[in-house]
Structure formats: C-alpha cells, structure tokens
**Student:** 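Pasting a structure here, questions to come.
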Amino acid sequence: MKNLSELQAFHLDILKEIGNIGAGNAATALSQLLQKTIDMNVPNVHIVSFQELTEWIGGPEEVVAATFLRIEGDAPGSMFFLATLEEAKGMVAQLTGASRSSLEGEMDDLSMSALKELGNILAGSYLSALADFTKLKLYPSVPGLSIDMIGAILNYGLIPLSQIGDEAIVIDTQISEEGERRGAGHFFLLPDPESFDVMFSSLGVGLHE
C-alpha cells in the first residue's frame with residue numbers, strides 16, 4: 001500500500017469496530033478505577049493528511065495534552081492521543097475528584113500523572129483490541145506526555161514519520177458518565193510502511209479489493 005488513501009469504507013468500518021471494542025475495554029477499566037459507570041464510543045474514523053492534523057484539533061496554536069507511544073511488534077507504528085486542554089482538565093477532574101476551578105492554572109504532578117494514566121489505559125485498550133482482532137503481536141512503549149501547542153507537538157512527533165508517509169488514521173473518542181458527555185479526544189494512528197498490509201492481511205481483507 002502506497003498510502004492510506006487506498007483504504008476503502010469497509011476498511012474504516014473494521015477500524016471503527018476495533019476502536020469501539022477498545023473503547024469498551026477502556027470504559028470497563030475506567031469504571032473500575034473511578035467506581036462509577038463510564039461509557040466510551042468511537043463515532044467516526046477518518047483519513048487525514050499530516051498537513052490537516054493541526055486544523056483537525058483547532059489550529060496550530062491550540063494548546064493540547066498529548067500522550068505519545070510507539071507500537072512495536074508485527075505491525076510497528078506510532079500513536080498519539082490528543083485532547084484540548086479544557087477537555088483534558090475535565091477528564092483529570094473525573095479521575096482525581098478535583099474541581100475544575102482548581103485546575104485553572106498549570107496542572108500539578110498528580111493531574112499530569114492521572115492524564116498520563118488515562119492515555120495509557122486508552123491506548124493500551126485500543127492496541128489490545130487490535131491485537132485480538134488481527135492475531136498480531138503488538139506492544140506499546142512506555143507513553144510520554146506533553147502539554148503544548150498542537151503545532152509544536154505534531155511537528156516534533158511527525159518529523160521522523162514524514163519520511164515514510166504523509167497521512168494518519170484519526171479515531172474519534174467520546175467519553176460519557178452515566179449518559180452525560182464528559183470528554184472527548186482523538187487517536188492519531190500513524191502506521192509504519194507496510195503495517196496496514198500486515199494488519200488487513202491478517203484479517204483476510206485485502207487493501208486493493
């Protein structure tokens with residue numbers, strides 16, 4: 001596969017289904033952690049060029065919280081989980097029990113730790129679902145966390161990837177508590193060359209069908 005634009009609608013439907021299974025696993029983990037009912041779903045999956053990624057969140061100067069990790073194993077790649085700073089603070093308030101007003105300034109170490117753990121749970125749940133579906137061995141690296149303008153974060157993370165591709169798979173994520181929307185974010189899945197050929201071949205679905 002030369003680029004992700006070769007993915008057809010039913011390929012994206014497969015990724016959306018995997019995403020929803022991963023979101024369900026993450027919701028279970030978060031519900032146990034928070035001792036309350038958390039629901040998650042993936043309403044949409046899109047193909048977006050690297051040039052469009054910054055505009056997708058709100059422009060290059062939008063401050064976001066970003067968790068980044070490498071995917072190692074049979075189908076290597078990279079993954080970002082990004083949320084606007086306001087969305088991130090809302091999720092941290094849920095995780096820590098802190099009030100939103102106490103998070104108006106810079107987030108403290110506890111808040112940063114909670115946000116990193118959230119990204120770790122979400123990414124781990126998605127990768128677990130992807131590995132179960134494809135029967136591939138996929139391993140997440142230790143995640144890193146950064147709060148900065150999205151332009152700076154993506155430029156740093158995409159520089160080494162721009163040499164091997166120019167598109168990402170964007171997996172929207174919505175988080176609700178007892179039916180009330182509490183947060184949202186985006187996964188950016190950035191496959192290394194040939195990784196999606198490997199993934200879809202393992203599912204018995206060709207990329208050129």
Side-chain angles (χ1 to χ4, degrees), residues 19 22-23 26 29-30 33-34 40 42 45-46 48-73 76-96 98 100-128 130 138-175 182-192 195:
L30 287 173
L33 181 66
L34 300 174
M40 293 180 60
V42 173
V45 176
H46 319 266
V48 178
S49 72
F50 286 175
Q51 290 78 14
E52 294 173 311
L53 285 182
T54 54
E55 297 303 326
W56 196 261
I57 299 296
E61 296 184 357
E62 180 77 31
V63 177
V64 297
T67 302
F68 171 80
L69 56 84
R70 278 289 298 170
I71 305 166
E72 304 294 347
S78 298
M79 179 182 285
F80 286 91
F81 176 70
L82 291 95
T84 66
L85 193 55
E86 287 307 305
E87 293 281 12
K89 287 179 177 180
M91 289 185 274
V92 166
Q94 290 298 307
L95 284 169
T96 63
R100 286 294 294 263
S101 60
S102 68
L103 296 172
E104 288 307 310
E106 292 186 3
M107 286 193 282
D108 58 18
D109 289 344
L110 176 61
S111 298
M112 294 288 282
S113 179
L115 194 56
K116 190 173 183 178
E117 180 61 17
L118 175 64
N120 194 29
I121 289 172
L122 296 178
S125 297
Y126 180 79
L127 282 184
S128 177
L130 188 58
L138 302 173
Y139 310 103
S141 68
V142 176
L145 175 67
S146 179
I147 295 179
D148 203 341
M149 291 186 294
I150 187 172
I153 288 174
L154 290 181
N155 284 340
Y156 175 79
L158 297 180
I159 285 173
L161 298 173
S162 63
Q163 301 174 5
I164 57 178
D166 60 2
E167 292 170 308
I169 294 173
V170 179
I171 304 165
D172 295 336
T173 302
Q174 292 183 349
I175 302 172
R182 293 296 190 182
H186 305 274
F187 279 110
F188 292 166
L189 184 61
L190 310 168
D192 285 2
S195 286

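Heavy atoms only: backbone and side chains are in, while hydrogens, waters and symmetry mates are out.
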**Student:** Nearest 0.5 angstrom please: Met112 CE to Leu145 CG, how far?
**Tutor:**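 So the gap between those two atoms works out to 4.5 Å.
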**Student:** Would you please test Thr173 and Tyr126 for side-chain contact (heavy atoms from CB on, under 4.5 Å) and show each step?
**Tutor:** CA-CA 11 Å; Thr173 302; Tyr126 180 79; over 6 Å; no
**Student:** Which atom names give the shortest non-hydrogen contact between Ser125 and Gly22, and what distance separates them?
**Tutor:**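 In terms of heavy atoms, the two residues are closest at CB-O, 3.2 Å.
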**Student:** Report yes if the side chains of Leu118 and Thr67 come closer than 4.5 Å at any heavy-atom pair, otherwise no.
**Tutor:**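 No, every pair of side-chain atoms sits at 4.5 Å or beyond.
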**Student:** Heavy atoms, side chains only, cut-off 4.5 Å: are Leu69 and Leu127 in contact?
**Tutor:**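 In short, these two side chains touch, coming nearer than 4.5 Å.
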**Student:** Nearest 0.5 Å, please: how far is CD in Glu61 from CG in Asp148?
**Tutor:**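 Here the interatomic distance stands at 11.5 Å.
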**Student:** Identify the heavy atoms of Met79 and Ala123 that sit nearest to each other, and give their distance.
**Tutor:**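 So the minimum-distance heavy-atom pair works out to SD-CB, 3.8 Å.
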**Student:** Answer whether the closest heavy-atom distance between the side chains of Val42 and Phe187 falls below 4.5 Å.
**Tutor:**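 SC-SC contact between Val42 and Phe187 ruled out.
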**Student:** If you take all heavy atoms of Ala29 and Ile121, which pair is closest and at what distance?
**Tutor:**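 That would be CB-CG2, 3.9 Å.
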**Student:** Give me the atom names and distance for the closest heavy-atom approach of Ala88 to Ala83.
**Tutor:**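 Ala88 and Ala83 have their closest heavy atoms at N-CB, 4.2 Å.
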**Student:** I need the minimum non-hydrogen distance between Gly119 and Phe81, along with the two atoms involved.
**Tutor:**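 So the minimum-distance heavy-atom pair works out to CA-CD2, 4.4 Å.
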**Student:** Got a donor-acceptor contact below 3.5 angstrom from the Arg70 side chain to the Gly77 backbone?
**Tutor:**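 Yes: the side chain of Arg70 pairs with the backbone of Gly77.
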**Student:** Indicate the atoms forming the closest heavy-atom contact of Leu30 with Met40, along with that distance.
**Tutor:**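 For Leu30 and Met40, the tightest heavy-atom pair comes out as CD1-SD, 4.0 Å.
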**Student:** Do Ser141 and Glu72 come close enough that some side-chain heavy atom pair is under 4.5 Å?
**Tutor:**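 Heavy-atom side-chain distance check fails, nothing below 4.5 Å.
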**Student:** Answer yes or no: is there a donor N or O on one side and an acceptor on the other, between the side chain of Ser146 and the main chain of Ala66, under 3.5 Å?
**Tutor:**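 Checked: no pair found.
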**Student:** What distance separates His186 NE2 from Ile171 CD1, expressed to the nearest 0.5 Å?
**Tutor:**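 Answer for the NE2-CD1 pair, His186 versus Ile171, is 12.0 Å.
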